[in-house]
Amino acid sequence: MLWRSILLFPLLGIAATAASIDNCPGYTLRNVAESDSQITGDLILAGSACNTYGEDLTHLKLLVEYQTNSRLHVKIYDENEQVYQIPKSILDPPSGQQDSSSQQSDLVFEYTKNPFSFAIQRSSSGETIFNTSGTNLIFESQYVRLRTSLPSNPNIYGLGEDSDSFKRETTDYTRTLWNTGQAFLPTHSNLYGSHPIYIEMRDSQAHGVFLSNSNGMDIKINQTAEDGQYLEYNTLGGVLDFYFLSGPAPADVARQYAGVVGLPAQQSYWTYGFHQCKYGYQDVMWVAEVVYNYSQANIPLETMWTDIDYMDLRRTWTLDPERFPLHKMQELVAYLHNHEQHYIMMVDPPVSLNDSASYDAAVSSDVLIQNDNGTTFVATMWPGAVSYVDWFHPNAQSFWTGQIGSFFDDQSGVGVDGMWIDMNEPANFCGYPCSNPVQAAIDGNDPPAPPALRTTWDPLPGFPSDFQPPGTSSRRIKRDTSSANMTGLSGRNLDNPGYTIANGVGALTVGTIWPDLPEYGGYVQYDTHNLYASYMIDASRQGLLARRPAERPFIISRSTFAGDGTRGGHWTGDNASIWAHYLLSIIQNMEFASIFQIPMVGADVCGFNDNTTETLCARWAMLGAWYPFYRNHADISANYQEFYRWPLVTAAAQKAITARFQLLDYFYTAFYQQTVDGSPTTIIPLFFQYPNDPTTLDISYQFFYGPSILVSPVTVEGSESVSLYLPPQDIFYDFWTGERVTPDGTNTLNLDNVTYTDIPVHIRGGSILPLRANAGAANTTTQLRTHDFEILVAPDVDGKASGSLYLDDGKSVKPAQTTYLQFTYDNGHLSVSGSFDYDPGVGFKGVTVLSSSTLSSAGGSNSTNTDSYGRVGTVRQIDEGFSGSWTVDV
Ligand SMILES: *[C@@H]1O[C@H](CO)[C@@H](O)[C@H](O)[C@H]1NC(C)=O
Ligand SMILES: *[C@@H]1O[C@H](CO)[C@@H](O)[C@H](O)[C@H]1NC(C)=O
Ligand SMILES: *[C@@H]1O[C@H](CO)[C@@H](O)[C@H](O)[C@H]1NC(C)=O
Ligand SMILES: *[C@@H]1O[C@H](CO)[C@@H](O)[C@H](O)[C@H]1NC(C)=O
Ligand SMILES: *[C@@H]1O[C@H](CO)[C@@H](O)[C@H](O)[C@H]1NC(C)=O
Ligand SMILES: *[C@@H]1O[C@H](CO)[C@@H](O)[C@H](O)[C@H]1NC(C)=O
Ligand SMILES: *[C@@H]1O[C@H](CO)[C@@H](O)[C@H](O)[C@H]1NC(C)=O
Ligand SMILES: *[C@@H]1O[C@H](CO)[C@@H](O)[C@H](O)[C@H]1NC(C)=O
Ligand SMILES: *[C@@H]1O[C@H](CO)[C@@H](O)[C@H](O)[C@H]1NC(C)=O
């Protein structure tokens, strides 16, 4: 309160004399100290301050680190280190590492002293990938601008989360990063998460640029007569903390980015099964009936989910005692676990003022966000008046662990198998300044309306703390900027900064909690807003680990920031049951898996908002089987859309899940690879696989599911035709028939008979796939693990192929034993070698070698000509195990 009102006057004074942003003087680089692996210098404001959006900082520092031969760190920050920087407790990119030099590095830093600008060159080609000389650097207390020139119409990918094209528009385009929940995923808007990383493809070479900055920002990509083509960062604060990644292959950029933000977390085997949810399952009997109906329909349901329906009046950490009573919930979970199935419930971040148990626990551990005057901040969410956890408070983790530990206790609570965390942008339904959070909930008309309550009353001296009016705990946030470095400048207008980012919902105060809210340690929401979910994911992960220490925590979050793949996964939020969002899901999966390093990702299958149709749901059931996270989910206002509701969708889902199950260990291996070294091996854009093929730069609706499987769904509603691109560098086989396919002269395969129970899937020649046999008989992934393997060999034109298989117990954080096998095939000889420590208790029972002959005649004398899945090839029965290397001739 104090700092805000006092400093408003100087800010107003500045505004009166503020100069146009175009007249800002830039900086002069002085006192340069240069070694082989590091450059430092002082940046001094080069003229009179323009003070357009706050004050120009007069003294900055430059730090350049040649961290590795492929990673260059460039940081521009304030001399006194008062400007907010992302806390290392949530994202700790490498700093201080200098294992390369300007002579060895693929990327070289060039600079001009006055006015200061810099450029990054690729040393091998001399190509300039980043060049800020076009405009002056601006570094103000509430606005930081840096522009790089680019070649015309650059091939840029990344900078999510959004619902726009895969390859970024290059003219008059703004990507705003400010986490916000928006149903129906409007285009040209910021959405739930923020990922300030892009990959650019130039002449078949890729590089990446990551700006480690969590402030709200507009990234503008534009092409104008005066300025040419550029990309410009306009942030509301923070420092310029860049990581330039040299590639040169897109997959290299992905690995290099993982080296900055961390490797994705491994997920349990069961999480790759099929999941079902709907907002609007009225009671626990209804939930059970859905489970039962899936079983009756012979569609393998792995995990049942419950949305906020289970809560008592929408309060997190409570059960509706009539509709979802504890003893029945426990019986449901026991039933699911007995049938080798799983259960997950939604958790929202705020605590209801009406839930005395949770509220008192939060107040007594002092972990709720407070106003400047020390009262608890109150706003509105599903249950009415709520308060929000301050994740920076040292007690926040123990509070959250306690909530998880008691509510989800395997004996006395509901023994869920993962957490689904929502509304963590964070969402707030009460409009600024929210004078009546209770009324806001009633006006919001979300059923059921909470009973009226008093948000405040007189203190009751002598009574216990829960008799005292809410928010009277006495904690004061210390904003001692002299001791707390990097927590943010004082004196900023946090709720209404002068520079307006293009937030799709309006002002920064809309739909969320106020930017000026202080957090423990001297932070403010203004700076940390985009990290709210990251802290919640992290706290949830620690909470789940405290409860089941040996098991990989499964967390699906709506909001995310860079680095969250290290601790959780993402579903793409409240899409709609429309064809455009079926297509969009492909782009979003490629972005999250291959660019943002959050490979456990998927969209709501059949669409969340609005009513789906039988044909859309059939197509989507088949597409979703090639998402890492495969869940059917619908809104309360939408019709029921479980796969069993239509015969066509049932058939589509059965076929798709059977294919997913055949390939589950193949995909588990691919996912494992990404967790080991960041290789983009899960959902892969075509240009990642074929960077030398410019045609792939514009392909948005075909993708690789793991390194060997090309998925090319129908892209036109109502159509049974698809023209798919088959990169000429490889040959391809139809996954369903095993026959080699031959594209036309433009490398296109035209299919005009793709029914609603078909999806075109192709195997890249040169691949070996370890398939689970008889996958259609498995009712869960647990059953699937008891099935033998069959090896499918799809040779390249030279008759060679390779593949791998990773196995472990499927759930341990640190598996005691693992098995990693390499398969190699060379013209009739298959050899299998590797490490054999984990014994899955099954064997290898068959080998099928597909024929690269386009005549599709199956080979040798001792072969049958179709395998158990009906694929045409040379088939050989074998009986091999997991005790050591073996070879076989086929
Ligand atoms: C804050 O930053 C200044 C300037 O770099 C430094 O001298 C000081 O030691 C830092 N203080 C703390 C508490 O880290
Ligand atoms: C950066 O751009 C400026 C202006 O076009 C140009 O003069 C300079 O040579 C460029 N620097 C590099 C390293 O390409
Ligand atoms: C792109 O440039 C044009 C011409 O200067 C301008 O009118 C437009 O606002 C710019 N768009 C963005 C997103 O900056
Ligand atoms: C389950 O299936 C039965 C029989 O088809 C149907 O009447 C019922 O509505 C279904 N219930 C749910 C929750 O899907
Ligand atoms: C799957 O089959 C196994 C073995 O018959 C059985 O124990 C389990 O309950 C079944 N699960 C489901 C979901 O049908
Ligand atoms: C504390 O600050 C909040 C938010 O500005 C305000 O609504 C509330 O009335 C204040 N309470 C007191 C006791 O000053
Ligand atoms: C969905 O269908 C139901 C009944 O089938 C209808 O009442 C409702 O209006 C439909 N919703 C939309 C958004 O069309
Ligand atoms: C289309 O596919 C169906 C089902 O697979 C098949 O029966 C039919 O022969 C196919 N028609 C053509 C023209 O390929
Ligand atoms: C047939 O099987 C035998 C082993 O039973 C193997 O040695 C031989 O290479 C196979 N021939 C062909 C053509 O696959």
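This is a predicted model, so every value here is computed, not measured. Note that ligands are numbered from 1 as they come in the structure, with each ligand's atoms numbered from 1 the same way. Side-chain atoms are counted along with the backbone in the values below, which use heavy atoms only and exclude waters and symmetry mates.
With Phe118 as the fixed residue, the side-chain contact (heavy atoms from CB on, under 4.5 Å) test singles out one of Ile39, Leu62, Leu146, Leu137: Leu146.
Atoms of ligand 1 found under 4.0 Å from any heavy atom of Glu81, numbered from 1 in the order shown, are 2 (O), 4 (C), 5 (O). The distance from ligand 5 to the heavy atoms of Gln783 drops below 4.0 Å at these ligand atoms: 1 (C), 2 (O), 3 (C), 4 (C). Atoms of ligand 5 lying under 4.0 Å from any heavy atom of Gln341, numbered from 1 in the order shown and given with element: 13 (C).
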Less than 3.5 Å apart, N/O on ligand 4 and N/O on the protein: could you list those pairs with the distances?
from	atom 1	to	atom 2	distance (Å)
ligand 4	2 (O)	Asn293	OD1	3.1
ligand 4	2 (O)	Asn293	ND2	2.3
ligand 4	11 (N)	Glu289	OE2	2.6
ligand 4	11 (N)	Asn293	ND2	2.9
ligand 4	14 (O)	Asn293	ND2	3.0
ligand 4	14 (O)	Tyr644	OH	2.5
ligand 4	14 (O)	Arg645	NH2	2.7

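Between Asp809 and Tyr269, the side chains place no donor N or O within less than 3.5 Å of an acceptor N or O (distance only, hydrogens not considered).
Using a 4.0 Å cut-off between a side-chain N of Lys or Arg and a carboxylate O of Asp or Glu, Asp808 and Arg552 qualify as a salt bridge. Look at Lys278 and Asp635 and you find no salt bridge, because none of the NZ, NE, NH1 or NH2 atoms lies under 4.0 Å from a carboxylate O. In this structure, Arg631 pairs ionically with Asp604, as a charged nitrogen and a carboxylate oxygen lie closer than 4.0 Å.
For the pair Arg145 and Tyr233, the cation-pi criterion (under 6.0 Å, within 45° of the ring axis) is not fulfilled.
When all heavy atoms of His73 and Phe242 are compared, the pair lying nearest together is CD2-O, 3.3 Å.
Close N/O approach between Ser295 and ligand 5 is not found [any backbone or side-chain N/O within under 3.5 Å]. Residue Gln82 has no N or O atom closer than 3.5 Å to an N or O atom of ligand 1.
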Atom pairs and distances, side-chain donor-acceptor, residues 651-664, under 3.5 Å, sequence neighbours left out:
from	atom 1	to	atom 2	distance (Å)
Gln654	NE2	Ala297	O	2.8
Gln654	NE2	Asn298	O	3.2
Lys655	NZ	Thr757	O	3.2
Lys655	NZ	Asp758	OD1	2.8
Thr658	OG1	Gln654	O	2.8
Arg660	NE	Tyr272	O	2.7
Arg660	NH1	Ala625	O	2.8
Arg660	NH1	Tyr627	O	2.6
Arg660	NH2	Tyr272	O	2.9
Arg660	NH2	Tyr627	O	3.3
Arg660	NH2	Pro628	O	3.0
Gln662	OE1	Arg871	NH1	3.3
Gln662	OE1	Arg871	NH2	2.8

